[in-house]
Each structure stands twice: as structure tokens, then as C-alpha cells.
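Input: a single structure, listed below in C-alpha cells.
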Number of protein chains: 4
Amino acid sequence: MDQPHVATGDTAAEAGNPDKTPRTERGRRTLRKLLDAAAIEFGERGFHDASISAITRRAGTALGSFYTYFDSKDEIFQALVRYMSEQLRDHVTPLVQAAPDEISAERIGLESFLGFVREHKEIYRIIDEAEFVDYASYRRHYETTVARVRQRLEDGAARGEIRADVGEVHAWAIGGMNVFLGMRYGLWDADADIAEIARIANDLLANGLKKQD
Amino acid sequence: MDQPHVATGDTAAEAGNPDKTPRTERGRRTLRKLLDAAAIEFGERGFHDASISAITRRAGTALGSFYTYFDSKDEIFQALVRYMSEQLRDHVTPLVQAAPDEISAERIGLESFLGFVREHKEIYRIIDEAEFVDYASYRRHYETTVARVRQRLEDGAARGEIRADVGEVHAWAIGGMNVFLGMRYGLWDADADIAEIARIANDLLANGLKKQD
Amino acid sequence: MDQPHVATGDTAAEAGNPDKTPRTERGRRTLRKLLDAAAIEFGERGFHDASISAITRRAGTALGSFYTYFDSKDEIFQALVRYMSEQLRDHVTPLVQAAPDEISAERIGLESFLGFVREHKEIYRIIDEAEFVDYASYRRHYETTVARVRQRLEDGAARGEIRADVGEVHAWAIGGMNVFLGMRYGLWDADADIAEIARIANDLLANGLKKQD
Amino acid sequence: MDQPHVATGDTAAEAGNPDKTPRTERGRRTLRKLLDAAAIEFGERGFHDASISAITRRAGTALGSFYTYFDSKDEIFQALVRYMSEQLRDHVTPLVQAAPDEISAERIGLESFLGFVREHKEIYRIIDEAEFVDYASYRRHYETTVARVRQRLEDGAARGEIRADVGEVHAWAIGGMNVFLGMRYGLWDADADIAEIARIANDLLANGLKKQD
DNA sequence: AATGAATGAGGGTTCATTCAT
DNA sequence: TATGAATGAACCCTCATTCAT
């Protein structure tokens with residue numbers, strides 16, 4: 001991971017257990033090690049095959065220490081999903097915002113997403129598995145992600161760059177398109193030319209299937 | 001389920017244990033009851049929370065009877081994924097093939113998919129969970145599904161109905177679009193007007209984001 | 001096996017289930033197939049790892065047919081132990097009886113035992129496993145075997161061929177010696193010169209450890 | 001048992017799971033309780049009828065604690081066989097070594113073996129059952145035991161106490177003799193005069209069957 | 001805060017035996 | 001007699017969580 005360390009304090013606390021926030025520097029280090037280890041373990045083996053003891057083993061802590069920082073296996077998973085969702089957002093958003101127009105923004109968004117998936121396959125897997133482990137997190141992730149797409153579309157429309165009738169359906173369509181291309185060309189195909197994929201998909205998005213002049 | 005009964009013989013046998021094919025009519029009935037029960041159980045509780053004993057309880061058979069027809073929990077899951085993938089294909093394909101042109105075909109395909117998801121939420125869930133239980137089945141499902149989309153696109157292009165440069169990327173983009181709309185409006189939103197959703201998405205697909213005249 | 005077919009009628013009946021004696025020729029054939037299959041299965045996999053269904057599979061009969069001829073897994077095992085004990089006796093006895101004197105008889109008994117073990121490893125294993133499956137059969141086998149040794153010793157002493165004070169202890173000592181040499185040189189060592197082993201052991205038996213003149 | 005407590009650390013660790021060695025005194029106590037309970041359970045009911053839950057019930061620990069110290073039922077059995085083989089050796093060896101000469105050593109060895117079997121019937125049974133549970137342990141036990149006999153014989157021959165041509169065959173013959181006498185007079189016959197049995201067998205060993213002057 | 005042993009519910013799987021045809 | 005499906009008790013093992021130190 002480029003930014004392997006999960007931000008401490010925040011993430012764990014928000015998960016609903018304020019008392020477990022570490023008070024000392026040593027505690028913060030342990031929490032961080034646990035989150036990093038969990039990201040690898042969940043990414044490699046999936047939620048159910050992952051075990052707390054494997055996480056603590058990877059983290060180099062005692063088994064019992066896990067429960068100093070998390071109430072349950074589900075809770076650390078939830079913390080990770082939220083964190084990874086944020087990671088992804090933080091990677092994509094600035095690039096997209098620097099785009100000259102909405103069509104370009106979508107191309108850049110897709111390309112940066114493909115790149116991110118390729119670099120962080122475990123993130124893709126963890127977020128997807130949330131569908132079966134922590135449905136609320138899963139849904140929140142995609143709803144907020146798609147909401148950002150929608151906002152961009154509507155802003156672009158307001159600026160007159162694209163058709164005016166864009167809305168929620170378009171946003172979900174684009175979201176799905178991106179995710180599947182991420183799976184196909186980010187996860188499964190290590191050699192695909194990401195920029196080219198993004199260009200092709202963006203052209204479809206911009207012009208549709210109609211015959212071009 | 002509209003067609004609640006899993007075709008026997010085929011599905012179970014292909015899963016790799018030819019010796020477990022039932023030889024009597026009674027055996028075929030039991031196998032069918034088990035598959036139906038498993039579809040409900042896996043759909044409602046997910047693979048890991050589902051238990052073999054709950055499946056046999058639902059099926060009204062003894063626990064041991066499960067192992068007369070399947071070698072393991074994984075095997076019945078795999079059989080189900082394949083069966084459900086086929087169910088979905090059998091639902092959508094004839095409708096799509098009756099479409100007057102490729103653009104319409106994609107609209108009809110999406111609309112029938114949305115309808116199918118809404119009627120068979122458990123199928124959506126089971127296929128998706130294969131990503132974490134039986135990756136090969138998961139991948140096969142989406143690869144064959146997308147391959148069908150691609151074939152349609154290329155046929156449409158050959159007929160001059162759509163742009164000539166369509167290919168794999170477009171097919172995956174459309175596949176992802178459909179799946180996400182299925183999740184959003186088939187699974188999550190029971191009241192959405194499916195035909196309207198399909199129309200909007202199809203219009204995007206046909207014309208892109210460009211401002212319309 | 002040289003004599004692969006277990007004598008029918010007798011053996012099964014004596015095991016305590018007279019009603020299960022086959023009445024037709026076809027029935028006798030089935031019983032025989034089951035016993036032969038069981039001998040191989042128990043010999044190869046041991047009592048606990050052997051399964052009734054594997055036995056019937058080997059025998060080429062239906063699972064249910066097993067219970068037409070035997071009341072339980074234990075019963076067929078018991079029948080086999082008795083049969084194999086008889087096989088062994090029938091192989092060794094005539095050879096021993098043809099010996100010119102008691103010392104030679106013991107040598108010939110050991111040598112023929114070693115040969116038998118080497119040819120019928122499964123018999124050795126089945127009889128030994130009776131210690132943990134059917135203790136009565138196990139004990140009966142060794143008690144009758146040792147009783148025959150003792151009889152020979154006493155007859156030999158009466159004929160003045162060997163010391164007069166031979167008795168039960170000597171018989172058990174000889175029995176144990178034979179069994180261990182059978183394990184070491186019959187079972188474990190396929191290449192040992194059986195006649196030479198028997199000669200060495202017999203010399204020990206005849207002359208003891210004392211320094212020879 | 002005279003020495004009911006299995007030495008911890010060693011035995012369990014050697015079984016192949018170094019990570020399961022207890023690190024605290026409490027852990028060592030639990031491991032010891034489990035081994036003691038397993039010795040009784042296996043001795044009374046045999047490997048297959050013994051259950052882990054019965055072992056932990058006897059030991060007064062939770063079921064799960066078993067797996068803190070052993071990977072499987074087979075592993076604890078293996079540990080026990082090794083331990084019991086050592087117990088037996090430690091009982092017999094010093095007595096034998098104190099013998100004035102080789103012939104006496106064999107008598108003392110047999111007599112002490114008979115006494116040991118009578119006091120520790122479960123040890124006899126567990127070692128013998130290894131033939132069907134853990135063949136490698138079984139074979140190792142008898143090979144090392146017989147190797148010790150052989151060494152004694154050769155040392156005795158070198159000292160001129162017995163015939164010079166003693167070797168492996170003699171050692172296995174003596175081993176088998178001892179084991180069978182152990183079964184007959186140690187296990188089965190609680191009243192036999194052990195010293196007298198050993199004397200008779202030793203006389204056979206020393207002088208053979210030849211008529212005595 | 002850290003450690004690691006202890007707990008026990010839970011579930012997948014086996015297979016001897018019974019039963020209906 | 002033969003067949004093969006049905007039955008369900010039994011058991012090994014996992015692992016999230018708790019507890020004592």
C-alpha cells in the first residue's frame with residue numbers, strides 16, 4: 001500500500017467504541033499494526049477465512065490485545081471498509097477536480113480508479129465483501145461514491161457541458177461501468193493499457209453507441 | 001421463484017461427482033428439494049451463515065441425505081451458481097433475441113434483468129457471493145454474460161445499427177452498468193419504474209452524455 | 001490369496017446368525033464375494049477405515065445386500081478372523097506334522113509361518129487388529145495356536161526328543177518368537193532368507209544362548 | 001501409574017508443533033492433565049472409541065483447550081506412544097544394567113517387563129494399538145526395543161558370556177518371547193508368579209530345548 | 001496495556017444401519 | 001434376494017471471545 005497506515009483515533013472511534021481509543025503513543029502504534037495486518041489478512045483470505053489470531057500474529061501482538069482496540073471481528077472489518085473507501089476517494093477526488101470539464105473528469109476518474117485497483121487489489125476485495133459482512137458499509141460506500149458522480153454530472157450540466165437531464169440513473173450506470181472495468185482490467189488483467197481503456201469507455205460515455213460521423 | 005425446481009441430473013452431476021446422480025425417481029425428488037432449499041437458505045443467510053442442517057430441515061430430509069447428493073457445502077453452492085446463471089440467461093436471452101435492433105436489445109436486456117433481479121433477489125445474492133466462495137464460478141458467470149453482450153454488439157455493428165468499433169471494453173461497461181442498476185433499482189428499490197430506468201439508461205447508452213439537439 | 005474364497009455356510013452361521021445362511025446358490029456366491037472383498041478392504045485399510053459401502057463396492061453388490069448376510073460390521077470381521085486363523089492353521093499343520101522330530105517341527109512351523117505371512121500380509125494384519133475389535137477372537141486365535149505348540153512340545157518330550165519339563169510358558173515363548181520374526185522378516189523385510197531365519201531361530205530354540213562347544 | 005505425569009515440553013513439542021508448547025506454568029499443568037487423561041481414556045476404550053470430549057472431561061478442561069496443546073487426536077496418541085515407550089525403557093533399563101551377566105540381564109529384563117505390564121496395562125494396549133493408528137511409532141518402538149536387546153547380546157558375547165554368533169534374529173526372537181509372555185502372564189493372568197515365569201523362560205533361552213543333563 | 005490460556009457453541013462430515021421398493 | 005435411498009447419532013475441529021495474570 002502506498003499509504004499503509006490507517007489513520008488512528010478517528011476510524012476506530014467512529015466505529016462506535018469511543019472507550020477503545022488509545023491514549024498513549026504505544027497504544028496508537030499497536031492499533032495501527034492491527035489495522036495494517038487486518039487489511040492484508042482480509043484481502044488475502046477474505047473475511048471468513050481470516051482469523052483474529054492470524055491478524056494478531058501478523059501484527060506481532062498477543063491475541064488478547066486485539067480486544068483492547070476492537071469489540072469484534074466485524075468492527076475492525078467495518079473500520080477497514082470505511083477507511084478504504086476514504087482512501088479511494090482521497091486518491092481519485094483531487095485528480096477529478098483538476099479536470100477541465102465533466103467529460104474529462106469522468107475519464108480521469110475511471111483511469112485513476114483503474115490504477116488504484118491495480119495497486120490495491122485488497123481494497124477492492126474488502127469493499128466488495130462488505131456486501132456479505134457489513135451490508136450498511138457496503139451500501140454507504142456505493143451510495144456516497146455514486147452521489148459524487150451524480151454531483152459532478154449535475155454540475156457539468158449546469159455548466160452546459162453535458163446534457164441537462166442527467167440524474168441518479170446515469171450516475172449508477174457510470175458507477176457500475178467503472179467498477180466492472182476495474183474488476184476486468186484492474187484486477188484480472190495486469191497488462192491492460194489503463195489509459196486506453198479509460199479513453200474507450202469515456203468515448204462511449206460521451207457519444208453513446210450511435211454511429212459516429 | 002418462477003421456476004423453482006433446479007433441473008436434476010445435469011447440474012449436480014457436472015459439479016464433479018458423477019456417482020451421486022440419483023438413480024430413482026425418489027432420488028431425483030430429494031435432490032430437487034435440497035437444491036430448492038439451498039437456494040432459499042443461501043439467499044436469505046449467505047453462504048457462511050447458512051448451515052447444511054438448515055437446508056435439510058427446509059427440504060424436509062434427514063441431515064445425512066444431503067451427502068447422498070453432494071460432497072460438501074461448497075459443491076452445492078457451486079451447483080447453484082451454475083444453475084442460477086443459467087436461469088438468468090434463459091430468462092433474458094429469448095426476450096433479447098426478439099428485439100428489432102441492437103439498441104432495443106440492450107434496453108430489453110436491461111429491463112428483463114431488472115425484473116428478474118426483483119423477482120429473484122436470492123439469485124443476485126448467490127451469484128455475487130460466489131466472488132468469495134467459488135471464484136471460478138463467479139468469474140465464469142460474468143465472463144460468459146459479458147461475452148454475450150459483446151456478441152450482440154458486434155452483430156449489431158455488422159448490421160450497421162451501431163458504431164463499428166465496439167468491443168470488449170464496451171461490453172464490460174454495459175455489463176457493469178446493468179449489474180449496478182440491478183442492485184440499485186432491482187434489489188434496493190422495490191417501487192422504481194423498471195421500464196423507465198431501462199429507457200433512461202438505454203438512452204445514455206445510445207446517445208452518450210453529449211447535449212442533445 | 002491362494003485360497004481366496006472363504007468357505008460359506010459354516011463361517012457365517014457360526015458367527016451367531018443362523019438365519020442369514022444363504023439358501024440358494026446365488027446367495028452363496030454373494031456371501032463369498034462379500035467375504036473376499038472384506039478381507040481385502042480390512043487388510044488394506046484396517047477395521048475402522050474400512051467401510052461397509054467400500055466392501056459392497058468391491059464385491060459389486062448393493063449396500064443393502066450386506067445386511068442380508070451379516071448383522072454388522074463386527075460380525076463379518078469376526079467371521080474373517082476365524083476363517084483366517086483356520087487358513088493359517090491349515091497351511092502350517094500338515095507341514096509340521098510331517099516333520100521327523102519336534103525340533104525340526106518347530107523349524108518347519110516357523111519357516112512355513114514366515115512364508116505364509118509374506119504371502120498373506122492382510123491376514124497378519126486382520127488377526128492382529130482383532131485385539132482392538134474383537135478381543136475374544138484375538139485371544140482364541142493365540143490360545144489355540146499356542147495350545148498346538150504346547151501339544152507338540154509335550155509330545156516331543158514324551159518321545160524323549162526334548163527336555164521333559166516343557167509346558168505352557170515355553171509354548172508362549174515360542175509363539176511370541178514366531179510372531180515377531182513373522183512381523184520382522186515376513187511383513188517388513190521382503191528379501192530376507194526365510195529358511196535361514198528359521199534355522200537361526202531354531203538353533204537358538206534348540207541350544208539356547210550358551211556357548212557352543 | 002507410578003509416574004503418572006507425562007514430562008511436558010519435550011514430548012508434546014517433539015510431536016511436531018513447537019508453537020503449542022505452553023509458556024506458562026498453568027499451561028504446563030493443563031497439558032499434563034490432558035496427557036494423563038488421554039492415557040486412561042485410550043487405555044480403557046481404545047483409540048477409536050475414545051473421544052476428545054471424554055479426554056477433556058476427564059482432564060477437567062474445556063473441549064477447546066485440547067487444541068491449545070495438540071493439533072489432533074492422532075497427535076496426542078503419537079505423543080503418548082512415545083512417552084510410554086520411554087516410560088517402559090526407563091523402568092527396565094536400570095534394572096537390566098545392574099545385572100551381573102547377560103543371561104541374568106535377560107531374565108531381569110523379562111521379569112521387570114512383566115511387572116510393568118501388570119501395573120500399566122494401558123501402556124501395553126496403547127503401544128500395541130499404534131500398529132493401527134500410527135504405524136511409524138509402533139515400528140519405532142519395537143525397533144528401538146529390539147535394538148537394545150541386540151546390543152546387550154553382542155556385549156555379552158564380547159564378554160564371552162554367551163555364544164558369539166548372536167545377532168538380529170536372536171534379538172527379535174527374544175523380543176517376541178517377552179511380549180507374548182507379557183500378554184499372557186502380565187495382562188491376562190493377574191496371579192501368575194512373575195519371577196517364576198521369567199525363570200522358566202530364561203532357562204529356555206539359556207539352555208534351549210535340549211535335554212538337560 | 002499486554003499476554004496467552006481457557007472457554008464452548010457451532011457446524012461440517014461420516015457411516016453403520018434401516019427401510020421401501 | 002437385491003437395490004439404493006434415507007436416517008441421524010456421533011465426533012472432530014475451529015475460532016471468536018473472555019479471563020486471569
Side-chain angles (χ1 to χ4, degrees), chain A residues 20 22-31 48-56 60-74, chain B residues 19-20 22-31 48-56 60-74, chain C residues 20 22-24 26-27 29-31 48-56 60-74, chain D residues 19-20 22-31 48-56 60-74:
Chain A
K20 303 222 159 180
R23 305 252 169 270
T24 69
E25 180 53 34
R26 183 190 184 198
R28 266 186 293 280
R29 270 203 313 277
T30 302
L31 171 55
H48 287 97
D49 288 343
S51 70
I52 303 296
S53 72
I55 290 171
T56 54
T61 72
L63 174 55
S65 298
F66 179 88
Y67 291 90
T68 307
Y69 299 101
F70 299 97
D71 277 335
S72 65
K73 188 182 180 183
D74 284 80
Chain B
D19 289 327
K20 302 220 158 183
R23 306 206 182 303
T24 68
E25 181 50 33
R26 188 187 181 195
R28 269 184 291 279
R29 271 202 312 278
T30 302
L31 170 55
H48 287 97
D49 289 341
S51 72
I52 304 295
S53 68
I55 290 172
T56 53
T61 72
L63 174 56
S65 297
F66 178 88
Y67 293 91
T68 307
Y69 300 102
F70 300 97
D71 278 335
S72 66
K73 190 181 178 182
D74 283 80
Chain C
K20 301 221 161 182
R23 304 250 170 272
T24 68
R26 185 190 181 195
R29 272 203 312 278
T30 302
L31 171 55
H48 286 97
D49 288 342
S51 70
I52 303 297
S53 72
I55 290 171
T56 54
T61 72
L63 175 54
S65 298
F66 178 89
Y67 291 90
T68 305
Y69 300 101
F70 299 97
D71 277 335
S72 67
K73 189 181 180 183
D74 284 80
Chain D
D19 290 325
K20 302 220 158 183
R23 306 208 181 302
T24 68
E25 182 49 34
R26 188 187 180 196
R28 268 184 293 279
R29 270 202 312 277
T30 302
L31 171 55
H48 287 96
D49 288 340
S51 71
I52 305 295
S53 68
I55 291 172
T56 53
T61 72
L63 173 57
S65 297
F66 178 88
Y67 293 92
T68 305
Y69 300 101
F70 299 96
D71 277 335
S72 65
K73 189 180 178 184
D74 283 80

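Given the structure is predicted, the values throughout are model-derived calculations rather than measurements. Chain identifiers are assigned alphabetically (A, B, ...) following the order of the sequence lines, protein sequences preceding nucleic acid strands; residue numbering begins at 1 within each chain.
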Worksheet item: Which pair of heavy atoms, one from G27(C) and one from P22(C), lies closest together, and at what distance?
Response: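 Between these two residues, the closest heavy atoms are C-CB, 3.5 Å.
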Discussion item. For F70(D) versus K20(D), what's the shortest heavy-atom pair and its separation?
Written reply: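 Answer, listing the atom of F70(D) first, then K20(D): O-NZ, 3.6 Å.
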Options [options], nucleotide nearest the side-chain atoms of [X]:
X	options	value
Y67(C)	dT18(E), dA2(F), dA20(E)	dT18(E)
S65(C)	dA2(F), dT3(E), dT7(F)	dA2(F)
T68(B)	dC12(F), dA16(F), dT7(F)	dT7(F)
K73(B)	dA1(E), dT14(F), dT13(E)	dT13(E)
A62(B)	dT7(E), dG8(F), dT1(F)	dG8(F)
R23(D)	dT17(F), dA5(E), dT14(E)	dA5(E)
I52(C)	dA16(E), dT13(E), dA5(F)	dA16(E)

Taking atom [atom2] of [N] as reference, at what distance in whole Å does atom [atom1] of [X] sit?
X	N	atom1	atom2	result
D74(C)	dC15(E)	CG	C1'	14 Å
D71(A)	dT18(F)	CG	C1'	13 Å
D49(D)	dA16(E)	CG	C1'	14 Å
E25(B)	dA6(F)	CD	C1'	16 Å
R26(B)	dT3(F)	CZ	P	18 Å
F66(A)	dA2(E)	CZ	P	14 Å
F70(C)	dC15(E)	CZ	P	20 Å
I55(D)	dC13(F)	CD1	C1'	13 Å

Practice prompt. Classify the nucleic acid contact of G27(C) as base, sugar-phosphate or nothing, counting any heavy atom under 4.0 Å across all strands shown.
Written response: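 No contact at all - G27(C) keeps every heavy atom at 4.0 Å or more from the nucleic acid.
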Worksheet item: So what does A54(C) hit on the nucleic acid, given a heavy-atom distance under 4.0 Å: a base, only sugar-phosphate, or nothing?
Response: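 Nothing, no heavy atom under 4.0 Å.
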Say you draw a straight line from [atom1] of [X] to [atom2] of [Y]; how long is it, rounded to the nearest 0.5 Å?
X	Y	atom1	atom2	value
T61(B)	R29(B)	OG1	CZ	13.0 Å
L31(D)	R26(D)	CG	CZ	14.0 Å
Y69(C)	T30(C)	OH	OG1	4.5 Å
I52(A)	S72(A)	CD1	OG	8.0 Å

Under a 3.5 Å cut-off for both distances, is [N] Watson-Crick or wobble paired, and to whom?
N	value
dA1(E)	none
dA2(F)	dT21(E)
dT7(E)	dA16(F)

Worksheet item: If you pin G60(A) and A50(B) to their nearest nucleotides in DNA chain E, which one's is more 5'?
Response: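 With G60(A) and A50(B) compared, the 5'-side residue is G60(A).
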Kindly say if [X] contacts the phosphate of [N], meaning a side-chain N or O under 4.0 Å from OP1 or OP2.
X	N	result
T30(D)	dA6(E)	yes
R29(B)	dA5(F)	no
Y69(C)	dA2(F)	yes

Worksheet entry | First encountered from the 5' end of DNA chain F, between L63(B) and S53(D) |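 The answer here is L63(B).
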Fill in: 5'-most by nearest nucleotide on DNA chain F - S72(D) or T24(C)
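It is T24(C) whose nearest nucleotide is closer to the 5' end.
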